[in-house]
Participant: 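Take this structure first; my questions come after.
As the structure lists them, so they are numbered: ligands from 1, and atoms in each ligand from 1. Atoms considered below: every heavy atom in the structure, side chains included; atoms not considered: hydrogens, waters and symmetry mates. For clarity, every value in this text was computed on a predicted model and none was experimentally measured.
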Amino acid sequence: MDIFKKKRLKMVQTQLKARDITDARVLKAMESIPRHLFVDEGLAEQAYNDNPLPIDARQTISQPYIVALMTQALEIKNTDKVLEIGTGSGYQTAILASLAFQVFSIERIATLAAKARKILDQLKFYNVAIRVGDGSYGWKEEAPFDAIITTAAVPEIPQHLVEQLAAGGRLVAPVGNRDIQTLYKVKRDLKHPDKLNKEDLGGCRFVSLIGNSGWKE
Ligand code: SAM
């Protein structure tokens with residue numbers, strides 16, 4: 001078994017299963033997707049550590065546990081259409097793409113989007129569309145989505161994203177100020193789509209969303 005596969009299995013055992021990640025599909029995705037390919041070569045050895053890591057343009061690849069927690073909360077089925085705001089390295093995108101039917105991901109920094117596209121193509125994730133722009137507005141032409149994830153912090157849940165959530169759909173976003181946030185899950189009721197249920201998933205710390213629903217650079 002190669003060294004990275006060993007590190008990956010250990011990560012799943014000690015960081016995910018040992019905490020509260022129980023969804024077998026999420027655990028399998030995290031076991032199989034080569035996270036070290038989404039960071040610079042010099043950081044590959046650290047890719048399975050229990051912390052976020054820097055990527056280009058002063059952004060970050062999220063801690064494995066946070067990726068797993070958010071993905072589990074999204075309750076993704078293999079028929080689902082998913083919207084992601086903040087492609088970053090493309091690692092979270094790959095996890096989503098391995099579980100869903102289609103993933104639409106928006107990244108504001110063109111160089112990050114291009115790098116993510118390249119690695120996702122290498123790994124044959126052909127069910128991913130990436131767009132460069134401000135994710136605050138969502139992806140209206142492709143709405144509604146069964147699941148929506150924001151991987152950058154927002155002061156409040158963007159209204160455009162809530163509007164693009166299907167009946168029965170789940171949205172997960174870090175909401176707070178630029179230093180500290182709370183991870184929220186919002187679920188649109190299947191039978192009464194006007195009803196939204198909001199759940200607190202705990203504290204977190206994300207880079208800021210820069211744009212209409214977030215902050216100025
Ligand atoms: N999920 C990513 C991964 O696995 O590497 C990590 C994403 S990183 C924490 C947040 C990303 O959101 C950054 O790449 C940042 O450029 C992007 N971002 C910030 N504001 C944005 C906006 N308005 N629209 C789209 N992307 C945005």
Participant: Starting from atom 20 (N) of ligand 1, what is the nearest protein heavy atom, named by residue and atom, and what distance separates them?
Facilitator: Ile210 N, 3.0 Å
Participant: Closer than 4.0 Å to some heavy atom of Ile106 - which atoms of ligand 1 meet that?
Facilitator: 25 (C), 26 (N)
Participant: Kindly identify the option in Thr87, Asp134, Val39, Thr60 whose heavy atom sits closest to atom 6 (C) of ligand 1.
Facilitator: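 Residue with the shortest heavy-atom distance to the ligand atom: Thr60.
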Participant: For Asp121 and Arg117, what are the C-alpha separation, side-chain angles and deciding distance, and is it a salt bridge (Lys or Arg N to Asp or Glu O under 4.0 Å)?
Facilitator: CA-CA 6 Å; Asp121 284 348; Arg117 173 83 273 166; 3.1 Å; yes
Participant: Does any part of the side chain of Glu142, heavy atoms only, come nearer than 4.5 Å to the side chain of Leu83, both counted from C-beta?
Facilitator: no
Participant: With atoms numbered from 1 as shown, which atoms in ligand 1 lie under 4.0 angstrom from a non-hydrogen atom of Val207?
Facilitator: 8 (S), 9 (C), 10 (C)
Participant: Tell me the nearest of Thr151, Ile61, Leu53 to atom 7 (C) of ligand 1, using heavy-atom distances.
Facilitator: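 Of the listed residues, Thr151 has the closest heavy atom.
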Participant: Is the contact between Glu107 and ligand 1 made by the side chain, the backbone, both, or neither, using heavy atoms and a 4.0 Å cut-off?
Facilitator: both
Participant: State whether a side-chain donor-acceptor pair under 3.5 Å links Ser105 with Glu84.
Facilitator: yes
Participant: Strictly by salt bridge (Lys or Arg N to Asp or Glu O under 4.0 Å), give each pair with a member in residues 9-26 just once, sequence neighbours left out.
Facilitator: Arg19-Asp50
Participant: Answer with side chain, backbone, both or neither: which part of Leu209 has a heavy atom less than 4.0 angstrom from an atom of ligand 1?
Facilitator: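 Contact part for Leu209 vs ligand 1: both backbone and side chain.
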Participant: Using the rule given for salt bridge (Lys or Arg N to Asp or Glu O under 4.0 Å), can you reason through Asp80 versus Arg170, listing the C-alpha separation, both sets of side-chain angles and the distance that settles it, and then say yes or no?
Facilitator: CA-CA 11 Å; Asp80 281 354; Arg170 296 78 55 199; 2.8 Å; yes
Participant: I'd like to know whether CD of Glu41 has more than 12 heavy-atom contacts from other residues, nucleotides or ligands below 6.0 angstrom.
Facilitator: no
Participant: Which atoms of ligand 1 have any heavy atom of Leu112 under 4.0 Å away?
Facilitator: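 Taking each heavy atom of Leu112 in turn, ligand 1 has 14 (O) under 4.0 Å.
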Participant: For the residue pair Tyr48 and Arg8, confirm or rule out a side-chain donor-acceptor distance under 3.5 Å.
Facilitator: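 Distance-only check passes for Tyr48 and Arg8.
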Participant: Just jot down the ligand 1 atoms closer than 4.0 angstrom to any heavy atom of Ile109, in number order.
Facilitator: 16 (O)
Participant: For atom 13 (C) of ligand 1, grab the closest protein heavy atom and report residue, atom and distance to one decimal in Å.
Facilitator: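 Sorting protein heavy atoms by distance from atom 13 (C) of ligand 1 puts Gln59 OE1, 3.3 Å first.
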Participant: Indicate whether any N or O donor in one side chain lies under 3.5 Å from an N or O acceptor in the other, for Gln92 and Thr71.
Facilitator: yes
Participant: Among protein heavy atoms, which lies nearest atom 27 (C) of ligand 1, and at what distance?
Facilitator: Arg108 CG, 3.7 Å
Participant: Who's the nearest protein heavy-atom neighbour of atom 4 (O) of ligand 1, and how far?
Facilitator: Gln92 N, 3.2 Å
Participant: Could you tell me, atom by atom, which parts of ligand 1 come under 4.0 Å of a heavy atom of Tyr91?
Facilitator: 4 (O)
Participant: Just to be sure I'm reading this right: ignoring hydrogens, which of Ser208, Pro174, Gly133, Gly86 gets closest to atom 19 (C) of ligand 1? Compare them by their nearest heavy atoms.
Facilitator: Ser208
Participant: Which atoms of ligand 1 sit under 4.0 Å from any heavy atom of Ser89?
Facilitator: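 Reading through ligand 1 atom by atom, the close ones are 3 (C), 4 (O), 5 (O).
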Participant: Just jot down the ligand 1 atoms closer than 4.0 angstrom to any heavy atom of Gly135, in number order.
Facilitator: 22 (C), 23 (N), 24 (N), 25 (C)
